[in-house]
Amino acid sequence: MMADLGKVALPSEAEIEHPLFFEKSHEVEIRARDLVFSPCSKKHAVALARKWHSRLPNTQSGPWMFAFSGEIAGITYVVALWNNPSARGLPSDWLELRRLACAPNAPFNTPSRFLSFMAGWFRANQPQFKRLISYQDVSVHTGTIYRAAGWRVGSIAKA
């Protein structure tokens, strides 16, 4: 895990969504609360999910319903991709978080703050979706970021 305060190196080309507006600067200190979370292009989120995702980097190009990023000073540190649930029996008014990926140098608490933001964004902007779901690989993840964001366990499947 990273400390709350991190030194940020210059980003790669893929991490800059709007390169015309990016200004190269010296290292800066950032915190998760400094990041600006917002919808982003699906292409940008897919490229970074492929680069950063710990378990499933082979992310499909689409179709994706929603894409989000967290950035500061033109540098992206976290992305997420949402779509309809992959389980066919689930209601059509649910959304599934299919990918959430953080840069290795993302500030501590970035994923949980990002999850909280996205849940609030959906409540305010897409109220037709009644439930947000996500799956986690319990062999490598403990659910800390979900608990910190106020999510709850719906069920646990045995492999």
Side-chain angles (χ1 to χ4, degrees), residues 1-57 59 64-83 85 94-154:
M1 278 212 186
M2 297 188 66
D4 193 25
L5 219 45
K7 293 284 186 184
V8 178
L10 291 178
S12 71
E13 186 175 314
E15 294 163 322
I16 304 171
E17 186 171 15
H18 306 288
L20 291 176
F21 302 103
F22 177 74
E23 294 181 24
K24 291 184 178 178
S25 62
H26 296 85
E27 290 184 347
V28 294
E29 294 179 352
I30 61 165
R31 297 176 189 261
R33 68 174 171 249
D34 298 329
L35 298 176
V36 176
F37 302 123
S38 63
C40 71
S41 78
K42 294 167 187 157
K43 182 178 178 182
H44 182 63
V46 166
L48 292 175
R50 286 178 176 162
K51 181 176 180 179
W52 297 332
H53 199 275
S54 63
R55 299 291 284 175
L56 299 167
T59 302
W64 298 106
M65 293 176 72
F66 299 96
F68 294 89
S69 68
E71 67 173 50
I72 188 168
I75 303 169
T76 303
Y77 291 93
V78 63
V79 293
L81 292 158
W82 294 82
N83 210 0
W94 290 17
L95 275 178
E96 180 183 331
L97 174 62
R98 298 276 185 97
R99 293 291 187 282
L100 188 149
C102 286
N105 61 340
F108 187 69
N109 294 330
T110 293
S112 53
R113 291 183 71 86
F114 194 37
L115 284 167
S116 294
F117 162 79
M118 291 184 292
W121 188 92
F122 283 117
R123 273 192 299 278
N125 296 286
Q126 299 289 328
Q128 71 273 22
F129 295 109
K130 304 300 182 203
R131 181 162 294 180
L132 304 176
I133 64 169
S134 181
Y135 299 95
Q136 77 178 42
D137 182 348
V138 296
S139 66
V140 293
H141 298 294
T142 63
T144 303
I145 66 168
Y146 293 99
R147 287 190 302 278
W151 287 49
R152 62 180 173 79
V153 175

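By convention here, the first residue in the shown sequence is residue 1. Hydrogens, waters and symmetry mates are skipped; everything else that's a heavy atom, side chains included, is used. Remember, it's a predicted structure, so these values are computed and weren't measured experimentally.
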Identify the two heavy atoms, one from [X] and one from [Y], that lie closest to each other, and give their separation to 0.1 Å.
X: Ala32; Y: Arg113; result: CB-CD, 3.4 Å
X: Pro107; Y: Thr110; result: O-OG1, 2.6 Å
X: Ala49; Y: Arg99; result: CB-CB, 4.4 Å
X: Cys40; Y: Ala45; result: SG-CB, 4.0 Å
X: Leu100; Y: His53; result: O-CD2, 3.4 Å
X: Phe114; Y: Val79; result: CE2-C, 3.5 Å

Quiz prompt | Ring centers of Tyr146, Trp151 separated by less than 6.0 Å | solution = yes
Quiz item: Are Phe68 and Phe122 an aromatic pair by the rule of ring centers under 6.0 Å?
Solution: yes
Quiz item: Does a side-chain heavy-atom distance below 4.5 Å link Leu35 with Phe117?
Solution: no
Exercise. Report yes if some heavy atom in the side chain of Arg31 is under 4.5 Å from a heavy atom in the side chain of Phe108; otherwise report no.
Key: no
Quiz prompt | Steps toward side chain to side chain contact (heavy atoms under 4.5 Å, CB included) verdict (Phe129, Phe66) | solution = CA-CA 12 Å; Phe129 295 109; Phe66 299 96; 3.8 Å; yes
Practice problem: Say whether Ser69 and His44, considering side chains only, have a donor N or O and an acceptor N or O under 3.5 Å apart. | Solution: no
Practice problem: Could you check Trp94 against Arg131 for side chain to side chain contact (heavy atoms under 4.5 Å, CB included), going step by step and ending with a plain yes or no? | Solution: CA-CA 5 Å; Trp94 290 17; Arg131 181 162 294 180; 3.7 Å; yes
Going from [atom1] on [X] to [atom2] on [Y], what distance comes out if it is rounded to the nearest 0.5 angstrom?
X: Leu95; Y: Gln128; atom1: CG; atom2: CD; value: 8.0 Å
X: Leu48; Y: Cys102; atom1: CG; atom2: SG; value: 11.0 Å
X: Trp82; Y: Arg98; atom1: CH2; atom2: CZ; value: 11.0 Å

Practice problem: Starting from the C-alpha separation in whole Å, work towards a yes-or-no answer on side chain to side chain contact (heavy atoms under 4.5 Å, CB included) for Leu97 and Leu132. | Solution: CA-CA 7 Å; Leu97 174 62; Leu132 304 176; over 6 Å; no
Exercise. Take Phe37 and Val78 through the side chain to side chain contact (heavy atoms under 4.5 Å, CB included) test and state the conclusion after the steps.
Key: CA-CA 9 Å; Phe37 302 123; Val78 63; 3.9 Å; yes
